[in-house]
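Presented below is the structure to which this report refers.
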Amino acid sequence: MTTLRILLRALVCGALLAGTVPTAPAATDPTQAALPAAASAAIDAGRLAGLRWPDFSDYTGWVAGFYDARGGALAWTVEGKPTPQAREVIAKLEAAGDKGLHAEDYDGGRWAARVAALEGGRAGVQQVADFDVALTVSAMRYVSDLHIGRVNPERLGFHLDIEHKKYDLSALLEELVAAGDVAARLDAVEPQYEYYRALKAALVRTRELAPRIAALQPLPEPAKSLEPGGTYDAMPRLAELLVLTGDLPSGEQAAAAQTTYGAPMVAAVKRFQARHGLAADGVAGKGTFRELNTPVAVRLRQMELTLERWRWVAHEFGEPPIVVNIPAFQLRAFAREGNRVVPELKMNVVVGKEYKGAQTPIFAREMKYVVFSPYWEVPPSIAKNELLPKMAKDPGYAARNHYVIEGAGGRLPVDADSLAAVRAGRARIRQTPGTHNALGLVKFMFPNEFNVYLHSTPSQAAFAREERALSHGCVRVEKPLELAEFVLKDDPAWTRETIEAAMQAGEPRTVNLRKPIWVMVLYGTAVVDEAGIVHFYRDVYGHDARLDAALKKGYPYPG
């Protein structure tokens with residue numbers, strides 16, 4: 001308990017013993033009352049009964065520090081009435097749904113009655129104090145949730161550090177108490193990425209259209225795939241749905257709604273397929289109808305969960321980052337254009353398989369160097385589980401596939417003794433550089449404890465597949481030459497020609513970047529692209545389901 005609140009408690013107790021009515025000590029601002037003892041006790045306990053989530057023990061230190069710094073004065077009322085700043089904060093709390101949050105987490109449905117009670121002059125000292133503390137706790141929760149997310153990503157196995165991002169909530173709320181533009185100050189605590197802002201706007205639009213979309217779902221699935229020129233009795237409903245989703249221009253709805261599956265509808269279905277990670281061939285089969293009939297509530301939740309994950313990410317970088325989005329199987333590299341960060345490079349990627357031991361982890365590290373013509377250092381698990389049995393069975397397997405075995409003294413013959421040494425951890429298997437190498441001709445290194453990196457590959461066919469969760473955890477990139485040009489663009493010695501030569505040299509060469517570049521391996525199943533089009537992707541690792549379950553538990557969220 002703070003010294004100020006001990007004094008308050010002593011004053012109250014002394015007054016009761018003397019048989020007098022206790023009075024609050026003078027506040028810093030003579031127009032504002034000070035915390036009564038019961039409110040002080042609630043802060044000490046970290047619990048306020050009138051809140052939707054009464055337990056705020058994880059914020060007790062911030063709340064106590066806020067009032068202590070004010071000399072015990074209430075913050076959000078003047079002469080028992082809510083201040084203009086209080087009203088602005090409440091408006092933001094009530095509109096939290098527009099941010100992908102849950103307004104009830106911040107007492108969204110309770111503020112109108114509280115304000116009415118204060119405005120009507122019916123509120124006593126304790127009720128005013130409870131209003132003040134409730135708004136302080138709710139505002140702190142809201143600011144924290146907007147800035148770093150509700151759930152600590154490390155509690156869900158994501159390796160993203162949010163500790164360095166945390167605000168001094170006491171100081172920030174003091175800014176809000178006196179702010180001339182509360183809305184602008186609150187907006188500034190959110191991620192400033194354009195993708196985040198665009199996804200928020202898409203969430204609001206989709207929520208407005210949700211009742212109309214839900215009324216059209218589900219569509220009947222035809223017995224066989226609907227191909228151009230075919231017929232479909234529910235075509236008018238399909239046309240209306242695709243207008244609402246933005247895939248069919250409203251001016252083409254009448255033509256597209258004909259029973260025959262004609263050109264306008266085929267084009268719209270192709271757009272829909274492309275937005276949902278499907279082959280955009282215009283053939284509406286089981287996969288297409290599965291996505292068409294995915295409830296709009298599921299789409300809204302995908303947006304909310306992706307917004308949550310954006311809040312985990314660092315807000316500032318020395319250089320614009322490279323972002324890998326696992327469910328989209330895509331990489332985007334960004335550059336600075338004046339004061340804006342804009343996408344400069346986009347490509348397909350292959351990520352880790354779906355089972356737990358092979359999944360690509362979610363994390364962020366700095367890329368520091370590139371290795372041309374690399375060896376592949378075969379991980380011990382792959383060596384033991386996959387390569388050693390093949391080498392033991394087929395003596396020529398290692399040579400045909402360019403594998404060598406090396407011990408402390410150098411290269412070893414491929415025989416029973418060297419295989420036993422690998423099995424015991426005294427030797428390693430490497431694949432020599434070249435076009436045959438599993439890493440291709442270049443790897444991009446951002447040192448991390450997972451031994452995960454970006455690399456090229458000799459197997460290009462996989463990039464044309466819809467589902468590309470195929471690796472052992474590393475990320476294979478579709479356009480390695482373009483990515484190498486991007487990360488080395490500040491070094492004039494590395495032109496396209498010199499990069500190609502190094503890739504084909506057959507001898508490893510390490511090149512340090514002049515400026516490290518953050519690589520963020522993230523997970524978003526709802527993404528708005530540069531054209532403002534919303535894309536949805538399958539929850540390939542089940543991370544959405546786990547985050548959803550954690551959020552449904554309510555406060556206190558796993559922190």
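Just the heavy atoms: all of them, side chains too, but no hydrogens, waters or symmetry mates, feed the values below.
Distance alone, capped at 3.5 Å, places no donor-acceptor pair between the Tyr142 side chain and the Val89 backbone. The backbone N or O of Val442 sits less than 3.5 Å from a side-chain atom of Ser456, completing a donor-acceptor pair. Listed for the Asp107 side chain is a donor-acceptor partner under 3.5 Å among the backbone atoms of Arg52. Of the possible polar contacts, one joining the Ser471 side chain to the Gly352 backbone as a donor-acceptor pair under 3.5 Å is found. Using a distance-only test at 3.5 Å, with no hydrogens or angles considered, no donor-acceptor pair links the side chain of Gln431 to the main chain of Glu377. The closest donor-acceptor contact from the side chain of Gln217 to the backbone of Leu292 lies under 3.5 Å. Remark: side-chain polar atoms of Arg476 are not paired, donor with acceptor, to backbone N or O of Val349 under 3.5 angstrom. Distance alone, capped at 3.5 Å, places no donor-acceptor pair between the Arg336 side chain and the Val342 backbone. No donor-acceptor pair closer than 3.5 Å links the side chain of Trp62 to the backbone N or O of Val137. Arg207 contributes a side-chain N or O that, together with a main-chain N or O of Gly97, makes up a donor-acceptor pair within less than 3.5 Å.
Two residues are said to be in side-chain contact when any heavy atoms from C-beta on lie closer than 4.5 Å; Phe363 and Val452 meet this criterion. Two residues are said to be in side-chain contact when any heavy atoms from C-beta on lie closer than 4.5 Å; Gln258 and Met235 fail this criterion. For the pair Ser225 and Phe289, the minimum side-chain heavy-atom distance is 4.5 Å or more. Using a 4.5 Å heavy-atom threshold, the side chains of Lys553 and Tyr557 count as separate. Residues Ile382 and Trp376 form a side-chain contact, since some pair of their non-hydrogen atoms from C-beta on lies under 4.5 Å apart. Counting only heavy atoms from C-beta outward, the side chains of Val477 and His455 never approach each other to under 4.5 Å. Between Tyr555 and Asp55 there is no side-chain heavy-atom pair separated by less than 4.5 Å. Looking at heavy atoms from C-beta onward, Val143 lies in side-chain contact with Leu169 at the 4.5 angstrom threshold.
Of all heavy-atom pairs between Leu186 and Lys92, the closest is CD1-CG, 3.6 Å. Closest heavy-atom contact between Val487 and Ile322: CG1-CD1, 3.9 Å. For the residue pair Tyr369 and Pro447, the shortest heavy atom distance occurs at CE2-CG, 4.2 Å. Heavy atoms only, all atoms of each residue included: Pro320 and Phe334 are closest at CB-O, 3.3 Å. Closest heavy-atom contact between Ala202 and Val528: CB-CG2, 4.1 Å. The two atoms that bring Pro374 and Asn437 nearest to each other are O-ND2, 3.3 Å, heavy atoms only.
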Worked verdict on Met367 versus Leu513 for side-chain contact (heavy atoms from CB on, under 4.5 Å)
CA-CA 8 Å; Met367 183 187 295; Leu513 304 189; 3.8 Å; yes

Could you go through the side-chain contact (heavy atoms from CB on, under 4.5 Å) check for Ile90 and Glu94 one step at a time?
CA-CA 6 Å; Ile90 288 170; Glu94 292 177 328; 3.8 Å; yes

Step by step, work out the side-chain contact (heavy atoms from CB on, under 4.5 Å) result for Val189 and Tyr167.
CA-CA 9 Å; Val189 310; Tyr167 276 134; 3.7 Å; yes

Please test Glu386 against His472 for side chain to side chain donor-acceptor pair (under 3.5 Å), starting from the C-alpha separation and ending with a verdict.
CA-CA 12 Å; Glu386 299 182 26; His472 287 88; 2.9 Å; yes

What verdict does the side-chain contact (heavy atoms from CB on, under 4.5 Å) test give for Tyr59 and Thr136, after you've listed the backbone C-alpha separation in whole Å, the side-chain angles of each residue and the deciding distance to 0.1 Å?
CA-CA 10 Å; Tyr59 287 88; Thr136 295; over 6 Å; no

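In this structure, the side-chain contact (heavy atoms from CB on, under 4.5 Å) partners of Ala328, at least two apart in sequence or on a different chain, are Asn325, Gln330, Tyr537.
For the pair Arg299 and Phe536, the cation-pi test (distance below 6.0 Å, angle within 45°) is passed.
Taking the six-membered ring where tryptophan is involved, the planes of His159 and Phe450 are tilted, since the angle between them lies from 30° to 60°. Ring planes of Phe158 and Tyr523: tilted class, angle from 30 to 60°.
Under the 4.0 Å criterion applied to side-chain N and carboxylate O atoms, Asp544 and Arg309 are assigned as salt-bridge partners. The residues Arg141 and Asp105 are annotated as not salt-bridged, no charged nitrogen and carboxylate oxygen being separated by less than 4.0 angstrom. Residues Glu208 and Arg205 are not paired through a salt bridge, judged by the lack of any N-O separation under 4.0 Å between the basic side chain and the carboxylate. Salt-bridge formation is not detected for the pair Lys99/Asp145: no Lys NZ or Arg NE/NH1/NH2 atom is positioned less than 4.0 Å from an Asp or Glu carboxylate oxygen. One finds no salt bridge joining Arg237 and Glu240 here, because no Lys/Arg side-chain nitrogen approaches an Asp/Glu carboxylate oxygen to under 4.0 Å. Taking the charged nitrogens against the carboxylate oxygens, Glu291 and Arg275 have no contact shorter than 4.0 Å, which rules out a salt bridge. Salt bridge annotation for Glu354-Arg538: present, with a cationic side-chain nitrogen under 4.0 angstrom from a carboxylate oxygen. Comment: Glu190 does not engage Arg311 in a salt bridge, judged by the lack of any side-chain N to carboxylate O separation of less than 4.0 angstrom. Salt bridge Glu482/Lys346: absent, no basic N to carboxylate O contact under 4.0 Å. At a threshold of 4.0 Å, the pair Asp548-Lys552 counts as salt-bridged, since one of the basic side-chain nitrogens sits closer than that to a carboxylate oxygen.
In Glu449, the CD atom is crowded: over 12 heavy atoms of neighbouring residues, nucleotides or ligands sit closer than 6.0 Å. For CZ of Arg465, the number of neighbouring non-hydrogen atoms (other residues, nucleotides, ligands) closer than 6.0 Å is 12 at most.
Aromatic pair Tyr261/Tyr232: centroids not less than 6.0 angstrom apart. The six-membered or imidazole ring of Phe444 lies away from that of Phe446, with a centre-to-centre distance of 6.0 Å or more.
Rounding to the nearest 0.5 Å places CZ of Arg271 at 9.5 Å from OG1 of Thr245. Expressed to the nearest 0.5 Å, how far CZ of Arg332 lies from CG of Leu522 amounts to 12.0 Å. Distance check, rounded to the nearest 0.5 Å: CG of Leu93 to CG of Leu135 gives 6.5 Å. With rounding to the nearest 0.5 angstrom, the OG atom of Ser138 is 13.0 Å from the CH2 atom of Trp53. Here NE2 of His147 is found 15.5 Å from CH2 of Trp312. Values are rounded to the nearest 0.5 Å. One finds the CD atom of Gln460 at 10.5 Å from the CG atom of Asn348 (value rounded to the nearest 0.5 Å).
Defined by atom type and a distance below 3.5 Å, a donor-acceptor pair is missing between the side-chain atoms of His276 and Glu466.
For residues 219-236, the set of pairs meeting the salt bridge (Lys or Arg N to Asp or Glu O under 4.0 Å) definition, not counting sequence neighbours, comprises Glu221-Lys286.
Checking His535, His543, Gln302, Arg301 one by one against Thr525, the side-chain hydrogen bond (donor to acceptor under 3.5 Å, both in side chains) holds for a single residue, Gln302.
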